[in-house]
Amino acid sequence: MIRQLADQGYAIVDGLLPATDLNELQRSAQYILSAQATQAGTGRGSNHGVNAGIRQDHIAWLDQSDAASAGFLARMEQLRQQLNQQLFLGLFSYECHYARYQAGGFYRKHLDAFKGERNRLLSTVFYLNPDWQAGQGGELLVYNHDGTAIVTSVTPLANRLVLFLSEEFPHEVLPATRQRLSIAGWFRGA
Ligand code: OGA
Ligand code: MN
């Protein structure tokens, strides 16, 4: 993972969690999303609002209130320290939310951060979908910086973690033929 990030600015890691942790996290995601998901918005400050032409996921932020969510946050804190030690990224904090896209849902091409603001430095997406089949769609497409070429296409397979530099890679979520669950997160510089 460290080598991929240093060489390419992105990384794909399979098998992040032990099977029992993954199962509990899948259950928590479903329960928490069904109890408290809200439609995700776009933009900041006075530009913030729901725009279903841009993104169609429903989200719920992780916190310490259930063991599986707390366990995932602890795993990412471990990763934060490792990345700072080995890549000197200066990652200060981490935030993440569960995300549910119903069949047909998408998130159009976007950047998670804007150059120079040093807020979101490194994006992460962890997938929770067992038995994802070729042909079910839902890929994460990662583009080069000017958005003219696809750098990689990622199938949203359970237990797969994707990381990419937030300011460098525009990306989009393609519609799928089934529900798609994930945890989208960001290591921040402040
Ligand atoms: C996001 C995002 C990608 C994915 O939530 O900002 O780009 O694969 N998610 O779910
Ligand atoms: Mn994104």
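In each ligand, atom 1 is the first atom listed, and ligand 1 is the first ligand listed. The structure displayed is predicted, hence computed values, not measured ones.
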Review point. At their closest point, which heavy atom of Gly137 faces which heavy atom of Trp132, and how far apart are they?
Key: O-NE1, 2.9 Å
Exercise for review: Check the Mn ion (ligand 2) and write out every protein N, O or S atom at under 2.8 Å, as residue and atom.
Suggested key: His110 NE2, Asp112 OD1, His171 NE2
Exercise for review: For Ser69 and Tyr98, test the side chains for any donor-to-acceptor distance below 3.5 angstrom and give the result as yes or no.
Suggested key: yes
Check your understanding: Looking just at side-chain N and O atoms, do Asn51 and Thr42 make a donor-acceptor pair shorter than 3.5 Å?
Key -> no
Practice item. Just say parallel, tilted or perpendicular for the rings of Phe72 and Phe126, cut-offs at 30° and 60°. Key: tilted
Check your understanding: Do other residues, nucleotides or ligands put more than 12 heavy atoms under 6.0 Å from Asp14 CG?
Key -> yes
Exercise for review: Classify the ring geometry between His97 and Trp61 as parallel (under 30°), tilted (30 to 60°) or perpendicular (over 60°).
Suggested key: perpendicular
Practice item. Please work out whether the ring planes of Phe187 and Tyr94 are parallel, tilted or perpendicular, with thresholds of 30° and 60°. Key: tilted
Review point. Is Glu77 salt-bridged to Arg80, going by a charged N under 4.0 Å from an acidic O?
Key: yes
Practice item. Verify side-chain contact (heavy atoms from CB on, under 4.5 Å) between Ile54 and Tyr107, making sure each step is shown before the conclusion. Key: CA-CA 6 Å; Ile54 297 178; Tyr107 192 161; 4.1 Å; yes
Practice item. Kindly tell me which protein residues have any non-hydrogen atom under 4.0 angstrom away from an atom of ligand 1, grouped by chain and ordered by number? Key: Tyr107, His110, Asp112, Val125, Tyr127, Leu140, His171, Val173, Arg180, Ser182, Ala184, Trp186
